[in-house]
A.B. asks: 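One structure coming up, written as structure tokens, with questions to follow.
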Amino acid sequence: MFEQVTREEAEAPFFVGIDLGGTNIKAGVVDDRGRVLWRDQVPTYVERGPNDGARRIGELIKRAIAEVGVSDDEVGGVGLGSPGTMDIPGGKLVVPANLKGWEHFPIRDEVSKVCGRPVVFANDATAAAFGESWVGAGKQFDSLILLTLGTGIGCGIVIGDMLLDGQHSHGGEYGHTVIDCRPDAPTCSCGRRGHLEAFASATAVTRRAKAAL
Ligand SMILES: [Zn+2]
């Protein structure tokens with residue numbers, strides 16, 4: 001769970017975080033100690049395309065800052081977490097499985113244009129892992145691995161003060177580790193066979209349970 005704080009008790013600078021998902025875009029504002037001041041979410045509407053998405057993410061960032069009542073010089077940064085695969089240094093999505101039609105879109109800079117601020121781009125699971133290592137379940141540990149369980153299996157890895165990105169955010173794509181080498185192993189969401197995600201994601205567990213009944 002996260003700690004909440006009122007605007008009066010919160011300590012500047014403030015940070016805006018966006019989690020771009022296939023269903024919802026979630027936003028939050030935290031203070032310098034990682035305490036939550038504000039959060040909200042809007043539907044992603046993947047089918048409307050990435051330009052519409054970037055515009056609405058930018059508007060959400062502006063609304064977050066306005067509703068919290070933070071002045072320009074109190075905003076320490078804006079972070080955008082997105083599902084892989086992605087080109088993190090280039091600020092682009094590559095082929096995100098749950099954002100069909102958004103491939104190769106320069107989302108970091110397009111969001112930045114709308115909200116009028118620099119935006120830092122990170123893999124969603126890596127950003128979640130950093131949050132847990134900063135103020136959450138992993139704060140007493142030097143390094144940690146975080147797994148996210150849903151339609152797929154996401155993974156973020158923090159080693160000391162370093163985030164393991166890897167090329168195209170593959171550093172933490174633990175869900176696509178081969179655990180079954182048989183030629184007829186279950187097919188993964190990425191199209192290949194025998195990956196952990198094809199066995200252990202929430203979707204896969206539900207499918208396997210139904211098949212076993
Ligand atoms: Zn896979």
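Every number for a ligand or one of its atoms is a count from 1 in the order of the listing. Owing to the predicted nature of the structure, the values given are computational and were not obtained by experimental measurement.
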A.B. asks: Step through the shown structure and confirm whether more than 12 heavy atoms of other residues, nucleotides or ligands are within 6.0 Å of CZ on R7.
C.D. replies: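 Count over threshold, so yes.
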A.B. asks: If you count heavy atoms of other groups shown closer than 6.0 angstrom to CG of D161, is the number above 12?
C.D. replies: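 Atom CG in D161 is not crowded, with 12 or fewer foreign heavy atoms closer than 6.0 Å.
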A.B. asks: Can you pull out every side chain to side chain donor-acceptor pair (under 3.5 Å) where at least one residue sits in residues 87-101? Sequence neighbours excluded, please.
C.D. replies: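 For residues 87-101, and leaving out neighbouring residues, there are no side chain to side chain donor-acceptor pair (under 3.5 Å) pairs at all.
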A.B. asks: Heavy-atom count check: over 12 atoms from other residues, nucleotides or ligands less than 6.0 Å from K26 NZ?
C.D. replies: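 Incorrect, the count does not exceed 12.
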A.B. asks: What's within reach of the Zn ion (ligand 1), meaning protein N/O/S atoms under 2.8 Å?
C.D. replies: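 Hits for the Zn ion (ligand 1) below 2.8 Å: H176 ND1, C188 SG, C190 SG, H195 ND1.
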A.B. asks: Without swapping roles, check the side chain of D180 against the backbone of R182 for a donor-acceptor pair under 3.5 Å.
C.D. replies: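 Answer holds: yes.
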A.B. asks: Does K113 pair with D109 as a salt bridge, N-O distance under 4.0 Å?
C.D. replies: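 Looking at K113 and D109, the cut-off is not met.
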